[in-house]
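Remarks on the structure that follows.
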Amino acid sequence: MFSEMGGVAVSHMAKWDGTSWSPLGSGTDGPVAALRVFELGSGPALLAGGTFTTAGGVAANRVATWSSSGWSAFGPALNGTVYTVSMFNEGAGGTLFVGGDQFNVGGVSANLVRGDGGPWEKPSGVAGGRGLLGPVNVMLPHGTGGGELLYVGGEFPSADGVDSAYVAVWDGSQWTSLGTGMSYHVNALAVFDEGSGPNLFAAGGFAQAGGVPARYIARWDGVAWSPVGAASGAEVPVYALAVFDDGTGPVLYAAGGFNTMGGVPVDSVAKWDGSAWSAVGAGFEGVPDTVRTLTVFDDGTGPALYAGGDFRVAGHPLERNVARWDGAEWTPVGGGTNGQVVTSTVFDDGDGPALYVGGFFSQAGGQPAARVAKWDGAAWSGLGLGVNAYVSALAVYDEGLGPRLYVGGAFTEAGGRPASRVARWNGSNWSILGAGVENNFLAVNALAPFDDGSGPTLFVGGGFFAAGGEAASNVAKFSYSCFEDQGPIFIDGFESGDTSRWDSP
């Protein structure tokens with residue numbers, strides 16, 4: 001709150017004409033958290049949202065407009081706190097959407113309401129719901145006979161009021177559950193064809209799936225959940241899944257910190273061929289000896305499965321946290337990293353495909369690499385100045401400027417610039433994604449390009465309450481548009497006329 005701007009007495013609101021500050025009438029009686037300029041039918045107006053109850057002395061609970069004729073209320077009084085306002089055309093003209101905390105509409109609690117000046121209402125579909133009530137850990141687009149769907153797993157018990165128990169599906173307009181879901185959180189998702197068609201596999205910290213015993217890994221066939229092999233599964237949570245063909249046919253690999261899978265002795269990584277589990281080489285050394293990510297990458301000598309986590313490569317005590325499986329043995333990768341690896345992906349920055357890893361490290365192969373690093377098949381390198389806190393998600397997405405590497409985590413800086421939990425790397429420079437996401441202590445855990453019917457967008461999942469300044473409960477989508485009210489962002493270090501847009505699916 002401020003009482004003066006440039007020596008002029010103001011109350012929560014002021015305007016700058018290029019030379020000096022001046023008040024907007026008598027202002028508001030409480031803080032303003034959101035401002036947007038819109039065409040409301042009678043000409044341009046400034047719309048303000050916050051915690052105030054009056055504007056210019058006029059009763060205006062939480063939402064008001066300022067124009068040449070002064071202040072006026074917009075719609076009936078709202079309770080709760082307004083954090084963001086936006087105009088959206090749902091097909092019948094512009095409607096104002098207001099996001100915030102604990103509105104009460106028709107006796108129903110909502111974080112997002114809409115109105116045209118008349119009574120406020122809760123929008124239909126997920127936009128009007130509470131979103132995902134818990135962090136998102138993983139997202140996987142997968143095509144089906146009815147079109148592509150986005151599968152989401154994490155630590156949420158429901159999605160927009162739908163009992164989804166840690167796993168849910170977004171079809172572009174609504175969330176649905178997969179049976180009765182899981183008994184606890186989901187860490188990984190993968191699609192694998194065991195010979196009768198592709199099925200969805202989920203892994204995490206659960207002991208049951210769809211009410212059926214399935215310790216830490218389960219299969220969804222489109223109708224029901226079932227265990228993968230023996231229901232005993234693993235003895236501790238599974239963190240990663242990947243499909244890899246080592247020359248004998250595709251198999252499903254699972255990784256974690258376990259010593260058995262389906263009753264078979266293994267060491268942190270096991271493979272499922274559709275009928276039985278088996279061990280993968282000599283495994284790893286160290287405590288806790290945990291593998292957290294699996295990615296297939298061809299360094300020029302043929303495809304191999306790369307594992308990242310917190311371990312030492314067997315027989316190579318100085319090689320840590322990254323290893324390569326060629327179908328016959330695990331081998332070290334250039335010295336590895338000096339801290340835990342959490343996520344990995346393959347990205348071509350113009351110099352050819354390379355393996356990128358993210359996590360808690362500061363070096364890779366003895367070279368400076370702040371939480372994210374590149375392996376080109378011969379050597380490790382850092383990504384500029386890197387980021388200032390751990391990385392937990394990597395994905396490649398082309399927003400129209402060519403493929404870029406998107407990085408998510410707990411950081412607040414990328415390349416030395418402010419970047420709230422998500423940023424983009426083009427091979428030489430870091431750039432920001434608008435205002436990023438907002439939370440207190442949690443991170444962006446998942447990134448996935450997905451076309452939900454409105455064009456390709458980047459879906460972002462984690463533990464957050466806002467994205468790009470808009471209310472968003474743990475999942476949001478990022479795309480580009482040219483809406484003048486969004487303001488400029490920077491793309492690859494330069495200000496762009498294109499603007500970023502965050503939405504809550």
Side-chain angles (χ1 to χ4, degrees), residues 131-140 142 149-170 175-192 194 198-243 252-264 266 268-272 274 277 288 290-294 309 342-343 392-393 442-443 445-446 448 461-463 474-475:
L132 302 180
L133 296 185
V136 170
N137 293 335
V138 60
M139 297 186 291
L140 176 69
H142 173 50
L149 301 172
L150 182 68
Y151 292 84
V152 178
E155 302 170 40
F156 49 87
S158 67
D160 189 32
V162 176
D163 291 334
S164 51
Y166 310 107
V167 62
V169 182
W170 173 254
W175 293 100
T176 55
S177 63
L178 274 68
T180 56
M182 311 314 214
S183 60
Y184 200 36
H185 63 83
V186 171
N187 295 327
L189 297 169
V191 174
F192 176 55
E194 299 170 285
N199 289 323
L200 178 73
F201 289 74
F206 51 84
Q208 293 186 337
V212 176
R215 290 181 60 81
Y216 308 122
I217 185 167
R219 174 200 303 105
W220 173 257
D221 62 8
V223 178
W225 289 102
S226 60
V228 182
S232 57
E235 76 276 15
V236 294
V238 175
Y239 291 109
L241 298 172
V243 177
L252 178 70
Y253 286 74
F258 45 80
N259 295 312
T260 63
M261 179 65 81
V264 177
V266 297
S268 301
V269 182
K271 62 181 180 180
W272 171 256
W277 287 103
T290 301
V291 175
R292 295 182 180 273
T293 179
L294 298 169
V342 177
T343 181
S392 46
L442 301 178
N445 299 327
N474 301 309
V475 64

I would like to know whether Met261 and Ile217 meet side-chain contact (heavy atoms from CB on, under 4.5 Å); could you show each step before the answer? CA-CA 10 Å; Met261 179 65 81; Ile217 185 167; 4.2 Å; yes
Find the distance between CE (Met182) and OG (Ser164) and round it off to the nearest 0.5 Å. 11.5 Å
Between Tyr239 and the options Asn137, Val138, Asn187, the side-chain contact (heavy atoms from CB on, under 4.5 Å) test singles out Asn187
When rounded to the nearest 0.5 Å, the distance separating OG of Ser232 from CZ of Arg215 is 8.0 Å
I need the Trp220 CH2 to Leu189 CG distance, nearest 0.5 Å. 13.0 Å
CG-CG distance between Leu200 and Asp221, expressed to the nearest 0.5 angstrom: 10.0 Å
Side chains of Val152 and Val169: closer than 4.5 Å at any heavy-atom pair? no
Relative to the ring of Tyr166, is the ring of Tyr184 parallel (under 30°), tilted (30 to 60°) or perpendicular (over 60°)? perpendicular
Which residues share a side chain to side chain donor-acceptor pair (under 3.5 Å) with Tyr253, sequence neighbours left out: Trp325
Please report the interatomic distance CG(Leu149) to OG1(Thr176), rounded to the nearest 0.5 Å. 7.5 Å
From CH2 (Trp225) to CD (Gln208), nearest 0.5 Å: 13.5 Å
So do the side chains of Val228 and Phe201 get within less than 4.5 Å of each other, counting heavy atoms only? yes
